[in-house]
**Student:** 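Pasting a structure below so you can have a look.
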Number of protein chains: 2
Amino acid sequence: MELDQRKLQILRAIVDEYILSASPVGSKALSQSGMKWSSATIRNEMADLETLGYLAQPHTSAGRIPSEKAYRLYVDQMMQRAHLSDEESKLLYGYFREHVHGVDAVLRSTAKALSEITHYTAVVMMPDIGVNRLKHLQLIPLMPGKALAVVVTDAGVSQNTVIDVPEDIGPEELDRISKAITARFSDCRMSTVSSKLVRELGGELSARADFVESLLLTLCENQSSDRRMVELSGATNMLEYPEYSDVNKAKTFLATVEQKDSMYRMLKKASNMEFTVTIGSENEQEGFQDCSVVTASYRVNGTPVGSFGVIGPTRMDYARVLSILKNVQTNLGTVLQSFLKEE
Amino acid sequence: MELDQRKLQILRAIVDEYILSASPVGSKALSQSGMKWSSATIRNEMADLETLGYLAQPHTSAGRIPSEKAYRLYVDQMMQRAHLSDEESKLLYGYFREHVHGVDAVLRSTAKALSEITHYTAVVMMPDIGVNRLKHLQLIPLMPGKALAVVVTDAGVSQNTVIDVPEDIGPEELDRISKAITARFSDCRMSTVSSKLVRELGGELSARADFVESLLLTLCENQSSDRRMVELSGATNMLEYPEYSDVNKAKTFLATVEQKDSMYRMLKKASNMEFTVTIGSENEQEGFQDCSVVTASYRVNGTPVGSFGVIGPTRMDYARVLSILKNVQTNLGTVLQSFLKEE
DNA sequence: ATTAGCACTCGAAGAAACGGAGTGCTAAAA
DNA sequence: TTTTAGCACTCCGTTTCTTCGAGTGCTAAT
């Protein structure tokens with residue numbers, strides 16, 4: 001069944017109001033604030049909307065609150081994009097002017113910016129290094145038997161790993177091996193480096209084939225485990241909202257959000273999509289049944305390498321959050337691009 | 001005025017009990033649980049202890065709770081060192097067996113271990129790189145005009161910084177400069193590297209004096225700002241305790257603990273001391289007036305380079321926490337030492 | 001089709017009543 | 001002189017009861 005114009009208008013007003021106030025919306029209040037129908041009419045419409053599943057009543061004599069179905073409709077069709085004030089977008093831009101010490105710092109800054117501006121919780125996943133191209137590998141001697149491997153990709157991401165080295169390889173040889181690998185695999189995707197190697201080894205590296213192979217293996221392994229990092233910011237913002245005035249609710253939320261693995265999985269899944277909005281029980285993540293998650297992906301060199309998002313109560317200000325995410329997405333793209341002017 | 005034996009015994013019992021239960025301790029309960037005096041006697045002694053400032057009454061007709069003065073006395077003189085069960089110390093040791101990918105990972109693991117075992121909040125400061133000796137500097141070309149500087153010290157700590165490079169310096173020259181600096185300043189304290197340089201420059205680096213100087217300056221700056229890192233773990237553990245069942249209290253605590261700068265300052269100050277116990281209002285840190293902080297320092301090569309600690313309610317289990325810290329201190333020392341077998 | 005009017009519902013907030021743990025004091029016992 | 005039993009009293013936390021009001025559904029008038 002289709003909703004007529006009036007129902008839509010009323011529903012929107014209710015959602016808007018509830019997002020603001022967090023308390024059930026009554027017919028009287030609505031009719032007084034710029035609605036052109038009497039409270040009785042609105043009351044009738046509200047009853048209809050309830051039977052249609054868009055509204056719910058906490059108890060008989062309370063106002064109505066939007067259901068998830070209502071939010072879904074709101075997000076898909078009804079909300080009008082908020083646009084950020086100049087002030088806000090300048091503020092946002094400011095976060096990206098500072099901290100240009102590398103990709104990690106930028107993404108950390110992004111998380112902070114998001115959480116501070118939205119007042120919700122922000123998560124940002126570090127770029128998936130596997131899809132990027134190797135630029136440089138450098139092995140730095142630490143002590144006999146140990147070295148530090150530094151990997152740089154075209155996205156500027158670097159990753160340090162302590163690796164074991166046969167004791168008889170000296171600093172000079174480490175340096176030579178670094179150069180050889182860099183030369184050989186420059187511009188290859190990280191994910192293909194190891195398998196490629198096994199086949200085409202030969203040449204100067206063959207004497208150290210075992211070592212090199214285990215080295216690359218370690219790096220790849222590390223990429224998939226250690227890189228599963230998400231930057232979290234503003235988790236405690238949620239304590240501001242009445243939804244979390246109960247300590248136990250708050251605890252559950254905080255515990256969920258601190259499971260970096262889950263957050264990573266969630267963001268990873270969302271990184272193919274330009275934007276996603278997941279409302280309440282649509283969330284697979286246990287513990288987010290009362291939250292909504294809005295994400296956006298970011299790309300480097302045209303390839304989507306990661307995503308970031310905002311987590312808030314289901315009554316979050318979707319329009320505003322989406323505008324902010326869009327803005328951040330653009331800014332982030334620009335900044336990351338600046339790490340690789342060449343190419 | 002001195003406290004006689006009986007007063008001490010009663011006070012200890014009260015503190016022990018209150019640490020466990022978090023609710024005011026009454027005379028009757030005490031006399032029944034193994035005290036050899038009647039409730040009336042205990043009641044009299046409690047009244048004395050109150051006038052002496054060791055106990056407080058939330059209201060007439062409630063039991064007594066220990067004052068900060070009481071905790072101080074308890075920590076300084078009365079508590080008996082708990083010793084960890086074999087299970088626990090094995091568990092603790094386990095945290096150090098895993099994650100041996102470098103100092104950062106170890107300290108992150110330390111924070112996690114501390115918070116999980118104590119059920120309080122743990123903070124660990126990253127080692128102060130300035131007091132360590134440079135082992136290796138490597139500049140890795142990122143793109144024309146940018147490079148990544150990787151610094152390795154004798155503690156195995158590495159730090160990555162993106163730096164600007166004059167466009168006319170190619171990869172080969174960067175490599176040469178890296179080697180030259182490494183050769184020249186190997187085994188110098190990081191904090192002395194920059195000043196030393198200005199005077200003794202000359203030689204092969206002189207052609208690039210400007211660049212090298214700004215490079216080292218940047219590194220030092222970065223060391224003092226970016227390195228001010230603390231690893232935080234288990235902040236939400238505090239929500240388990242009745243002291244924080246009020247969301248606002250919780251919020252204040254979480255906000256405080258997330259100010260990494262303050263946490264760093266706190267730990268830095270404590271890093272000269274083997275152990276510290278700071279109770280309630282003894283804390284300078286605003287927001288910790290209802291908490292206690294227990295810290296321990298850790299050393300590398302005999303030099304104290306950092307510290308770590310546990311933050312909990314003032315009624316924390318000091319004995320247990322101190323034992324755990326001591327244990328961790330030992331473990332951490334061993335592990336860090338293993339990063340520098342040589343020397 | 002819309003709206004005014006009205007009786008009804010039900011939670012939130014406040015008031016009153018209760019129970020009990022704990023105290024301080026006094027007088028007896030050790 | 002010190003310890004302890006006994007007792008009246010205090011005050012908090014809890015429960016129960018009341019009140020209040022925002023909001024509803026229904027009906028009848030517009």
**Student:** In whole angstrom, what separates A/Gln32's CD from D/dG23's C1'?
**Tutor:**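 Nearest whole value for this atom pair: 13 Å.
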
**Student:** Can B/Lys112 and B/Glu231 be counted as an ion pair, charged N to O under 4.0 angstrom?
**Tutor:**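 A salt bridge is absent here (no side-chain N lies under 4.0 Å from a carboxylate O).
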
**Student:** In whole Å, what is the span from the CD1 atom of A/Ile14 to the C1' atom of D/dT24?
**Tutor:**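 Going from CD1 in A/Ile14 over to C1' in D/dT24 covers 14 Å.
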
**Student:** Have a look at B/Ala40 and say if it touches a base, only the backbone sugar-phosphate, or nothing, with a 4.0 Å heavy-atom cut-off.
**Tutor:**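 Since a base atom lies under 4.0 Å of B/Ala40, the category is base.
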
**Student:** Only distances under 3.5 Å count here; give the side-chain donor-acceptor pairs of residues 9-17 of chain A to other protein atoms, sequence neighbours excluded, each with its distance to 0.1 Å.
**Tutor:**
from	atom 1	to	atom 2	distance (Å)
A/Arg12	NH1	A/Met78	O	2.4
A/Asp16	OD1	A/Tyr74	OH	2.7

**Student:** When you check the gap from the basic side-chain N to the acidic O, do B/Arg265 and B/Glu284 get nearer than 4.0 Å?
**Tutor:**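 No, B/Arg265 and B/Glu284 are not salt-bridged.
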
**Student:** Nearest-Å distance, CD (B/Glu45) to P (C/dT23)?
**Tutor:**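 Distance check: B/Glu45 CD to C/dT23 P gives 14 Å.
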
**Student:** Could you check how far NZ of B/Lys28 sits from P of D/dT4, rounded to whole Å?
**Tutor:**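 That distance rounds to 15 Å.
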
**Student:** Distance check: side-chain N/O of A/Arg6 vs OP1/OP2 of C/dT2, anything under 4.0 Å?
**Tutor:**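 Answer yes for this pair, as a side-chain N or O of A/Arg6 is under 4.0 Å from OP1 or OP2.
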
**Student:** At under 4.0 Å between heavy atoms, which parts of nucleotides 12-21 of chain D does protein reach? Answer with one letter per nucleotide, 5' to 3': B base, S sugar-phosphate only, - none.
**Tutor:** S---------

**Student:** Quickly work out the B/Met35 CE to D/dT4 C1' distance and round it to whole Å.
**Tutor:**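 Those two atoms, CE and C1', are 17 Å apart.
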
**Student:** Rounded at 0.5 Å granularity, tell me how far CG in A/Leu114 sits from CG in A/Leu92.
**Tutor:**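 Rounded to the nearest 0.5 Å, the CG-CG separation comes to 7.0 Å.
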
**Student:** Take the protein atom OH of B/Tyr18 and the nucleotide atom C1' of C/dG22, then report the distance between them rounded to whole Å.
**Tutor:**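 In whole Å, C/dG22 C1' and B/Tyr18 OH are 16 Å from each other.
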
**Student:** Does a salt bridge link B/Asp76 with B/Arg72, judged by any charged N lying under 4.0 Å from a carboxylate O?
**Tutor:**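 Yes, this pair counts.
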
**Student:** To the nearest 0.5 angstrom, please state how far the CG atom of A/Leu84 sits from the NZ atom of A/Lys326.
**Tutor:**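 So the CG of A/Leu84 and the NZ of A/Lys326 are separated by 11.5 Å.
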
**Student:** Taking for each residue the nucleotide of DNA chain D bearing the nearest heavy atom, is the 5' side occupied by A/Ser27 or by B/Thr41?
**Tutor:**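 Per heavy-atom nearest nucleotide, the more 5' residue is B/Thr41.
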
**Student:** Could you give the CD1-to-P distance, from A/Ile42 to D/dA22, as a whole number of Å?
**Tutor:**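 For the pair A/Ile42 CD1 and D/dA22 P, the rounded distance is 17 Å.
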
**Student:** Would you kindly check whether a donor in the side chain of B/Arg43 faces an acceptor in the base of C/dG22, or vice versa, at under 3.5 angstrom?
**Tutor:**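 Looking at the base of C/dG22, it does not pair with any donor or acceptor on the side chain of B/Arg43 (distance under 3.5 Å).
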
**Student:** Could you pull out the closest heavy-atom pair between A/Ser115 and A/Asn237, with the gap in Å?
**Tutor:**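 Shortest heavy-atom contact: O-ND2, 3.1 Å.
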
**Student:** Nearest whole angstrom, please: distance from the P of D/dT2 to the NZ of B/Lys36.
**Tutor:**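 Rounded to whole Å, this separation is 18 Å.
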
